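Since this is a predicted model, take the numbers as computed values, not measurements.
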Amino acid sequence: MAKGSSNTKSITFICLFLFMLHFHSSHGDPQEVELLLSFKASIDDPLQFLSNWETSSATICRWHGITCDNNVNSSHVNAVVLSGKNMTGEVSSIFQLPYVTNLDLSNNQFVGEITFNYSLNYLSLLRYLNLSNNNLTGSLPQPLFSALFSNLETLDLSNNMFSGNIPDQIGLLSSLRYLDLGGNVLVGKIPNSITNMTTLQYLTLASNQLVDKIPQEIGQMKSLKWIYLGYNNLSGEIPSSIGELLSLNHLDLVYNNLSGPIPHSLGLLTELKYLFLYQNKLSGPIPQSIFELKKLLSLDLSDNSLSGLISERVVQLQRLEILHLFSNNFTGKIPKGVASLPRLQVLQLWSNGLTGEIPEELGKHSNLTVLDLSTNNLAGKIPDNMCHSGTLFKLILFSNYFEGEIPKSLTSCRSLRRVRLQNNKFSGKLPSELTTLPQVYFLDISGNQLSGRIDDRKWDMPSLQMLSLASNNFSGEIPSSFGTQILEDLDLSNNQFSGSIPQGYKSLSELVELKLSYNKLFGNIPKEICSCKKLVALDLSHNQLSGEIPMKFSEMPVLGLLDLSENQLSGEIPQDLGSTESLVQINISHNHFRGSLPSTEAFLAINASAVTGNNLCDCDGDSSSGLPLCRSNNQNPTWLLIMLCFLLALVAFAAASLLVFYIHKRKSFSEVRKVENEDGTWEVQFFYSKAARLMKVDHVLSAVKEGTVISKGRNWVSYEGKCTENDMQFMVIEISDWNSLSMSTWEETVKVGKVHHPNIFNLIGTCRCGKKGYLVYEHEEGKKLSQIVNSLNWKQRCKIAVGVAKAIKFLHSRASSIVLVGEVAREIVRVDSKGVPRLKVTPPILTCFDVKGITSAPYLAQEARERKNVTEKSEIYGLGVMLIELLTGRNAIDIETGNGMHKSIVEWARYCYSDCHLDTWIDPVMKGGDASSYQNDMVEMMNLALQCTTTDPTARPCARDVLKALESFHRTSFC
């Protein structure tokens with residue numbers, strides 16, 4: 001009996017032991033549970049991914065993102081994977097897990113510095129560490145690069161805001177295979193110790209502020225397959241020892257200051273597939289050994305100072321798909337061997353000194369899609385085989401000496417979309433087949449010697465947006481239609497066209513520019529042209545047009561340039577012409593106009609040369625027209641007509657008086673009024689009837705004295721304001737030294753007040769008295785874009801981008817003098833409850849004060865920072881930066897202000913776009929759901945953003961093109 005009792009106790013003990021063992025293994029180590037729950041409490045988890053991290057859960061090993069080892073006796077956490085969950089907060093506590101081997105916190109929004117508060121001996125098990133695509137700051141954690149981490153195989157800290165130097169101890173990571181420190185703000189040299197990492201296969205240090213030379217001993221890293229050191233400030237020559245890295249298949253050293261020749265030793269890299277050396281200062285010829293790289297897929301040596309001939313040995317690169325040698329000093333002929341590359345798709349050799357002809361076989365043996373040979377000294381004819389594959393969509397040959405007819409083989413190339421052949425010596429007729437290509441949206445054949453008629457064939461180009469046939473010898477009548485409803489730019493100037501201007505142009509609702517100057521056109525100007533409500537520039541000068549100016553020209557809302565000079569036009573000038581604020585440039589010289597100039601703003605400031613050669617007089621002695629003053633003449637033969645009009649006016653007086661009263665009331669509120677108070681005499685002007693009716697000077701002064709300060713500039717302060725009687729809200733900007741401003745600056749400010757657009761906050765009034773001056777804006781409803789961007793989905797961001805682009809396009813087309821101080825930033829964009837963005841237009845009056853205050857802004861192009869040659873394209877740069885922020889969720893200002901030494905968000909974006917997958921740079925908030933359906937649009941938008949932020953202002957797209965591209969993404973998202 002005693003023996004049975006003993007056995008029972010033993011069995012009970014064993015069961016209890018097994019139960020405790022099971023409890024421990026199922027619930028996890030208490031220390032690990034405590035650490036993980038502490039980590040959860042310290043962060044924000046908007047997607048509730050960690051919802052099952054609770055002590056009540058059956059096992060820690062089933063918590064989301066947690067993996068345990070398979071140890072029967074004691075199970076521990078060995079992997080934490082929380083990638084792409086939009087988490088925020090600090091992460092240092094997670095590094096105290098003692099047995100973790102795999103830690104992935106990438107693609108979140110974690111912040112702060114990385115510190116190790118626990119014994120480093122535990123972290124020696126770590127093999128995989130990925131903290132990429134967060135907002136981590138501070139120096140790279142020194143302990144991470146010690147011998148205790150010798151088992152670490154993958155270290156990815158890319159796309160954060162780490163600063164300082166790369167630790168010299170980095171060479172102690174003897175097991176490392178993958179190292180990515182790109183997209184940070186690291187400075188100093190690349191430490192020589194990095195060459196001790198002989199097992200490393202992937203090395204990326206791109207998009208930092210690294211300087212000095214690439215370590216000469218880099219050839220010791222025999223395992224390297226990938227090197228990316230682009231977008232730094234590295235200098236000196238490319239080390240010849242790179243040629244010893246026989247496993248290398250990707251070498252990217254772009255956007256540095258590397259100089260000297262390309263090493264011959266690179267020809268030893270027989271596994272190399274990608275060689276990118278563009279945007280450096282390399283010189284000399286291309287080494288012949290480069291053409292031994294038989295596995296090369298892409299070769300880009302553009303934007304350097306390379307010279308000499310392009311070798312015929314290029315034919316040895318039989319796998320080559322992309323060849324970029326543009327913007328160098330190459331001379332001689334295009335090698336015939338290029339035409340024998342079977343996989344060649346993109347060939348860009350523009351802006352060199354190449355001569356001779358295009359190889360006859362080019363395009364016959366490959367799927368050529370892009371060919372750009374512009375700005376060289378090439379001659380001869382266009383080969384017949386260029387579109388043999390049927391895939392060519394971009395053909396750029398402008399500014400050469402090509403001659404002969406445009407080949408019929410090219411005109412049957414149905415894949416073509418962009419064709420630029422201007423400024424050559426092409427002759428003969430315009431092939432009829434060319435005018436029926438369905439996908440061409442851009443066609444420029446100007447500056448050639450083409451002749452014949454263009455109205456003798458069918459124009460069927462439904463995609464056409466831009467057509468220029470200027471400066472040729474075309475004759476006959478102008479076609480009434482070009483087979484497109486979306487044409488924006490039409491330039492037929494400097495030809496021999498005759499006949500009348502077609503009335504059919506009224507259907508071109510998207511037309512922005514129409515240039516028909518220097519032809520032989522006759523007849524009246526068709527009034528139907530006034531139906532083109534988006535027309536900004538109309539040039540009909542140097543023709544034989546007759547009749548009067550259509551009255552409806554006065555109603556064209558965005559017309560900015562009107563040139564009717566050197567014609568046979570007659571009659572009186574419509575008295576309302578120039579009443580729209582947009583019309584800033586008029587030329588009616590050398591016609592047969594009579595009567596007086598209109599008293600509109602456009603004519604009050606008109607130059608004498610723009611009205612000369614007519615029979616005109618000036619009723620306003622203050623204008624600059626140089627015309628004689630008009631005199632009263634009772635014997636004028638038109639007096640009967642005047643009397644008749646007067647009698648008719650009396651008959652209709654009852655009805656007309658109401659209309660006159662309304663017009664007078666509408667006009668009077670915008671006139672400058674003088675108001676007296678204790679401070680003196682105030683000049684007050686309101687641009688909105690509601691403001692004129694409800695607001696007084698006292699309301700403005702009360703806002704300055706008692707209102708809340710919103711922001712401050714160098715010589716200005718903005719306040720919130722409110723009319724106590726009617727609760728009307730507004731914003732006031734107080735300017736401290738109004739008298740120092742010129743009259744022209746004040747006039748430009750008034751112009752801003754007359755700009756009305758649904759995506760623009762309106763300036764509703766001005767008040768000034770002595771040195772005091774105030775600008776009154778309508779109340780800014782909604783939240784700043786910077787406050788909400790990280791909570792928006794793709795469709796919402798797309799809608800915001802379109803709205804901002806519409807505002808900028810409107811400003812650029814409305815009046816060239818209205819600018820945004822060269823800075824388009826998300827801080828000046830507010831989004832209302834319906835998701836509609838509105839832009840605050842800063843008038844030129846503040847530009848005068850805040851020149852120093854804005855020159856470090858990351859939204860400014862280089863020319864705007866230097867205050868040199870600032871144009872509308874300078875504002876496109878800021879729009880591009882904003883698009884990058886919308887796509888990535890990152891803040892351009894945070895990146896630029898990182899510890900003084902930094903790279904811009906633009907260079908970081910270029911790095912990501914060229915060599916990283918979409919998942920590494922897109923804002924994690926936009927991932928998941930149906931976002932995958934729009935990945936192509938996201939990539940295209942990033943491409944557009946990088947075009948907007950290119951260094952050369954002339955290479956940036958105009959606002960109209962940006963808007964068109966964004967609208968295409970917007971339509972796709974909402975289909």
Novice: Are the charged groups of K222 and E244 less than 4.0 angstrom apart, N to O?
Specialist: yes
Novice: Where do N257 and L234 land on the side-chain contact (heavy atoms from CB on, under 4.5 Å) test, with the steps shown first?
Specialist: CA-CA 6 Å; N257 293 308; L234 300 172; over 6 Å; no
Novice: Working note: T355 + L378, criterion side-chain contact (heavy atoms from CB on, under 4.5 Å); need CA distance, chi angles, decisive distance, verdict.
Specialist: CA-CA 4 Å; T355 56; L378 299 168; 5.6 Å; no
Novice: Is T204 reaching over with its side chain to a backbone N or O of A206, donor-acceptor style, under 3.5 angstrom?
Specialist: no
Novice: Looking at K381 and E403, does any basic side-chain N land under 4.0 Å from a carboxylate oxygen?
Specialist: no
Novice: Does the side chain of N233 come within less than 4.5 Å of L210's, by heavy atoms?
Specialist: no
Novice: Only distances under 3.5 Å count here; give the side-chain donor-acceptor pairs of residues 265-275 to other protein atoms, sequence neighbours excluded, each with its distance to 0.1 Å.
Specialist:
unit_1, atom_1, unit_2, atom_2, d
S265, OG, S240, O, 2.6
E271, OE1, K295, NZ, 2.9
E271, OE2, K295, NZ, 3.2

Novice: Could you tell me whether the side chain of N495 and the main chain of N472 form a donor-acceptor pair under 3.5 Å?
Specialist: yes
Novice: Whether the side chain of N328 engages the backbone of L301 through a donor-acceptor N/O pair (distance < 3.5 Å, no angle test) should be reported.
Specialist: yes
Novice: Does the separation of the ring centres of H250 and Y202 fall below 6.0 angstrom?
Specialist: no
Novice: Without swapping roles, check the side chain of D444 against the backbone of L469 for a donor-acceptor pair under 3.5 Å.
Specialist: no
Novice: Regarding R417 and the six-membered ring of Y441, is the cationic atom NZ or CZ under 6.0 Å from the ring centre and inside 45° of its axis?
Specialist: no
Novice: Yes or no on side-chain contact (heavy atoms from CB on, under 4.5 Å) for L371 and I396, after CA distance, side-chain angles and deciding distance?
Specialist: CA-CA 6 Å; L371 177 63; I396 315 294; over 6 Å; no
Novice: State, with a plain yes or no, whether a side-chain heavy atom of L347 is found less than 4.5 Å away from one of L325.
Specialist: no
Novice: Using every non-hydrogen atom in the two residues, find where S493 and D491 come nearest and quote the distance to one decimal.
Specialist: OG-OD1, 2.6 Å
Novice: Applying side-chain contact (heavy atoms from CB on, under 4.5 Å), run through Q345 and L368 and close with a yes or a no.
Specialist: CA-CA 4 Å; Q345 298 178 30; L368 198 62; 5.9 Å; no
Novice: Please find the pair of heavy atoms, one from N424 and one from F402, that lie closest to each other, and give the distance.
Specialist: OD1-N, 3.1 Å
Novice: Taking the side chain from R453 and the backbone from S475, do they hold a donor-acceptor pair closer than 3.5 Å?
Specialist: no
Novice: Minimum heavy-atom separation for V314 to P335, with atom names?
Specialist: CG1-CG, 3.9 Å
Novice: For Q485 and E510, work out which heavy atoms get closest and say how close.
Specialist: O-CG, 4.0 Å
Novice: Just so I know, are the side chains of Y877 and C948 near enough to count as touching, which here means a heavy-atom distance under 4.5 Å?
Specialist: no
Novice: Looking only at heavy atoms, what is the nearest atom pair of P407 and P383, with distance?
Specialist: CG-O, 4.4 Å
Novice: When you look at E361 and S340, which way does the side-chain hydrogen bond (donor to acceptor under 3.5 Å, both in side chains) test go after all the steps?
Specialist: CA-CA 8 Å; E361 299 285 302; S340 300; over 6 Å; no
Novice: With a 4.5 Å limit on heavy-atom distance, are the side chains of L323 and V346 in contact?
Specialist: no
Novice: Can any side-chain N or O of N329 pair as donor or acceptor with the backbone N or O of S307 at less than 3.5 Å?
Specialist: no
Novice: In the structure I gave you, are the side-chain heavy atoms of L341 and S366 within less than 4.5 Å of one another anywhere?
Specialist: no
Novice: Do K964 and E488 sit within salt-bridge range, that is, some charged N less than 4.0 Å from a carboxylate O?
Specialist: yes
Novice: Answer yes when D456 and K429 have at least one side-chain N-carboxylate O distance shorter than 4.0 Å, and no when they do not.
Specialist: no
Novice: Using the test salt bridge (charged side-chain N to carboxylate O under 4.0 Å, His left out), find all partners of K394 that sit at least two apart in sequence or belong to another chain.
Specialist: none
Novice: Would you sort out whether D489 and R960 count as a salt bridge (Lys or Arg N to Asp or Glu O under 4.0 Å), showing the intermediate values?
Specialist: CA-CA 11 Å; D489 292 275; R960 184 179 69 253; 2.7 Å; yes
Novice: Closest heavy-atom contact between W350 and Q348?
Specialist: NE1-OE1, 3.4 Å
